[in-house]
Structure formats: C-alpha cells, structure tokens
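To start, the structure under review is shown below, and the notes come after it.
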Number of protein chains: 2
Amino acid sequence: MPVHDHQLHEGESLREAARERLTRQGEQWTGMREAVFDALAGFDKPASAYDIAEAVSKAQERRVAANSIYRILDLFVGANLARRVESANAYVANTHPDCLHDCIFLICDQCGQAVHIDNDRLTGGVRDAAKEAGFTQTRPVIEVRGTCGDCDPN
Amino acid sequence: MPVHDHQLHEGESLREAARERLTRQGEQWTGMREAVFDALAGFDKPASAYDIAEAVSKAQERRVAANSIYRILDLFVGANLARRVESANAYVANTHPDCLHDCIFLICDQCGQAVHIDNDRLTGGVRDAAKEAGFTQTRPVIEVRGTCGDCDPN
DNA sequence: CAATGCAATGTTATGTTGTAACTTGTCCTC
DNA sequence: GAGGACAAGTTACAACATAACATTGCATTG
Ligand SMILES: [Zn+2]
Ligand SMILES: [Zn+2]
Ligand SMILES: [Zn+2]
Ligand SMILES: [Zn+2]
C-alpha cells in the first residue's frame with residue numbers, strides 16, 4: 001500500500017485532473033494535448049512515443065508525426081501528467097497528477113505490464129544517498145525489471 | 001561508504017579481474033573482448049556502444065561495427081563485467097566484477113559523470129517491495145539523475 | 001480591419017540506439 | 001581434411017529521439 005494518501009484517478013476523472021493540473025500551470029489544454037493524453041491513458045502498459053503517434057493518428061484519421069508527440073510528452077512529464085519509464089523508453093499516464101513524489105515502477109519483461117508503487121521511505125533513502133554524494137536537483141529513477149505474478153504464477 | 005566489503009580494481013588489475021571472472025564462467029577472453037573491455041574501462045563516464053565502437057576502431061585501426069560491440073557488452077553485463085546505465089543508454093565497466101550485488105548510479109546531467117554507490121539496505125528494500133508485489137527474477141534499476149558537486153559547487 | 005506577435009502544431013530531415021539474419025573465420029576433434 | 005562449435009564480420013533495418021524551419025490560428029493593438 002502507498003505510504004501516503006492520495007487520490008487515484010481513472011477515465012474521465014483522470015482526464016479532468018490532468019486538464020486541471022496543466023491549466024493551473026499556465027499551459028493550455030488543447031485538442032491535440034487531450035488526444036495525446038487520452039491515447040496514453042488508453043494503453044494498459046507503457047507506450048512509446050511512436051505507439052502514441054500511431055494511436056492518435058488512428059483516432060484522428062490523419063498522420064501525426066512522432067515529433068509532435070514528443071513535444072507534448074515532454075510537457076506532460078514536466079507538469080507531472082505523465083512519467084517516463086527509462087528502462088523501457090516509454091511513457092505512462094500519471095494517475096495522481098496532483099501528487100508530487102517519486103514513483104517506483106515494476107516492469108514485467110514477459111508481458112510489458114508496469115505496476116506503479118509508492119514508497120517514500122525507499123525513494124527518500126535514495127535521494128538522501130545522492131545528496132550525501134554531493135548531488136543536487138536530484139531526480140531518482142527507480143524501476144525494477146522482472147516477471148510479474150501473472151506471467152510466473154508460482 | 002559501501003555497506004559491505006569488496007575489492008575495487010583499476011587499470012591492469014581490473015582487466016585481470018575481468019578476465020578471471022569471464023573465463024571462470026566458461027567464456028573465452030578473446031582479443032576482441034579485451035579490446036572492448038579496455039575501451040570501456042578507459043572512458044571516465046558511461047559510454048554508448050557506438051562510443052566504444054569508435055574507440056576500438058581507432059585503437060585497432062580498422063572499422064569495428066557497433067553490432068559486435070553490443071554482443072560483447074551483453075556478454076559482459078551477463079557476466080557482471082559491465083553494467084548498463086538505463087537512463088543514459090550507456091555502459092560502465094564494473095570495478096568489482098567478483099562482487100554480485102545491485103548498484104546505484106548517480107549521473108550528472110551537466111557533465112555526464114556517473115558515480116557508483118552501494119547500499120544494500122536500499123536496494124534490498126526495493127527488491128522486497130517488488131517481491132511483495134508478486135514480481136520474481138527481479139533486477140532493480142536504481143539511478144539518480146542530477147547535478148554533481150563539481151558542476152554545482154554550492 | 002490590417003499588421004504584428006506568439007504559442008502550438010506540422011513537416012522534413014537526420015541523428016542515435018538497438019536487432020536480425022546471414023556469412024566468414026578459427027579452432028578443435030574425429 | 002570434413003564437420004561442428006563458437007566468435008566475429010557484414011549488411012540491412014527497426015526503434016527511439018531531436019533539430020530546423022514552415023504553417024496555422026488566435027489575441028493584441030494601431
Ligand atoms: Zn502518490
Ligand atoms: Zn507479466
Ligand atoms: Zn560492491
Ligand atoms: Zn557534473
């Protein structure tokens with residue numbers, strides 16, 4: 001269970017929370033951004049920028065270049081609407097965009113599913129260790145590659 | 001300081017330790033593998049497969065394809081002679097190939113330097129959290145992006 | 001209402017990272 | 001010297017990411 005309380009959103013509610021958050025940052029919630037967010041949230045596993053480009057292209061019946069997707073994903077990550085999964089070169093929608101903290105991702109090497117867990121004790125420990133080594137403006141990347149319970153039902 | 005004791009190697013001693021380790025695994029220590037290891041160990045920061053291909057090409061005065069480098073790097077990572085830094089798409093030589101454990105990398109966004117720290121309490125905690133979530137055969141990826149003390153001397 | 005400025009997006013090109021498939025070379029064994 | 005096993009070479013391409021510049025649409029203002 002999470003170490004702290006926060007609201008997890010899904011579907012319509014998630015999009016609303018994302019829109020709220022982005023506009024509150026002084027950024028616009030455009031049709032294109034909504035389309036990208038919907039596509040991203042529609043995936044059940046981390047999606048690459050090209051996956052998203054394909055999904056948006058299909059939804060809009062026109063070609064959307066990966067380029068534009070990257071721009072919007074960068075914006076989303078900066079605004080905490082999405083997270084980048086470094087070990088998968090892929091992105092996931094953030095189900096609690098109002099809650100600013102470090103996430104831990106567990107990624108299944110078999111099925112590609114990613115589980116998101118929160119543990120401030122662990123992430124705080126990693127931050128502290130980096131600080132102790134003289135690092136500032138730290139951004140922890142904590143992920144675990146492995147096999148999920150569904151893929152290895154022992 | 002490291003939580004456990006182990007020998008850190010460098011230069012000739014490091015290459016020896018790597019050769020020892022690899023051959024003990026039943027793999028061959030070929031000229032090509034030595035060249036790749038030397039090139040990798042010669043970098044003062046994480047090097048991409050293409051960086052290494054270039055270095056080896058220069059050292060051997062012939063073109064070596066990145067392809068071959070990837071094969072050898074995969075072997076090295078599997079044998080604990082090298083580590084992949086996921087958030088940098090790059091590799092570093094492992095200075096203690098005989099010591100099997102999870103490493104934490106701190107990578108400076110400014111200068112690219114990577115510092116390697118060990119903290120079994122933290123990495124163990126991450127492993128435990130993954131296990132609790134039903135994941136098996138786990139391989140933690142714990143890295144911190146930030147600014148190193150040299151680049152931000154406050 | 002033109003003219004201007006600005007942010008978002010489109011377009012094209014190219015750079016970087018990573019794999020796949022097949023071939024060649026080398027060494028060992030029979 | 002034929003055959004097998006493994007390392008490495010070669011070529012081609014897939015996947016991921018960014019750079020540079022053009023276009024669009026909308027708001028401001030003279
Ligand atoms: Zn949370
Ligand atoms: Zn799975
Ligand atoms: Zn160690
Ligand atoms: Zn630095």
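Each chain gets a letter, A, B and so on, in the order its sequence line appears, and its residues count up from 1. Excluded from the calculations below are hydrogen atoms, water molecules and symmetry mates; all remaining heavy atoms, backbone and side chain alike, are included.
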OP1 or OP2 of dG9(D) versus the side-chain N and O atoms of Arg71(B): is any pair under 4.0 Å? no
Does dT9(C) have OP1 or OP2 sitting under 4.0 Å from an N or O in the side chain of Ser68(A)? no
Quick check against the 3.5 Å criterion: does [X] have a side-chain atom that pairs as donor or acceptor with the backbone of [Y]?
X         : Y         : value
Arg21(A)  : Leu81(A)  : no
Asp51(A)  : Ser48(A)  : yes
Thr138(A) : Gly146(B) : no
Lys131(A) : Thr136(A) : no
Asp109(B) : Thr147(B) : no

Of residues 37-67 of chain B, the positions that come close to DNA chain C - non-hydrogen atoms, cut-off under 4.0 Å: Ser48(B), Tyr50(B), Asn67(B)
Between Ser87(A) and Arg145(A), a side-chain donor and acceptor under 3.5 Å: yes
Is there a donor-acceptor contact under 3.5 Å linking the side chains of Asp98(A) and His96(A)? no
Polar atoms only, N or O, under 3.5 Å: list the protein pairs with nucleotides 25-27 of chain C and their distances.
none

Is the closest side-chain heavy-atom distance between Ile117(A) and Val115(A) below 4.5 Å? yes
Send over the distance from [X] [atom1] to [N] [atom2], rounded to a whole Å.
X        : N       : atom1 : atom2 : result
Asp74(B) : dA20(C) : CG    : P     : 10 Å
Ile69(A) : dA8(C)  : CD1   : P     : 15 Å
Leu73(A) : dT9(C)  : CG    : C1'   : 14 Å
Met32(A) : dT23(D) : CE    : P     : 19 Å
Ile72(A) : dA17(D) : CD1   : C1'   : 16 Å

Flag if over 12 foreign heavy atoms under 6.0 Å of CD, Glu27(B): yes
To the nearest 0.5 Å, tell me how far Gln110(A) CD sits from Asp152(A) CG. 8.0 Å
Using the side-chain heavy atoms of Asn89(A), tell me which of these nucleotides is nearest: dG10(C), dC16(D), dA8(D). dC16(D)
Among dA17(D), dT10(D), dG18(C), which nucleotide has an atom closest to any side-chain atom of Tyr70(B)? dG18(C)
Please list residues of residues 22-31 of chain B whose heavy atoms come under 4.0 Å from any atom in DNA chain D, ordered by number; otherwise none. Glu27(B), Gln28(B), Thr30(B)
What's the shortest heavy-atom distance between Glu143(B) and Val141(B), and which atoms? OE2-CG1, 3.7 Å
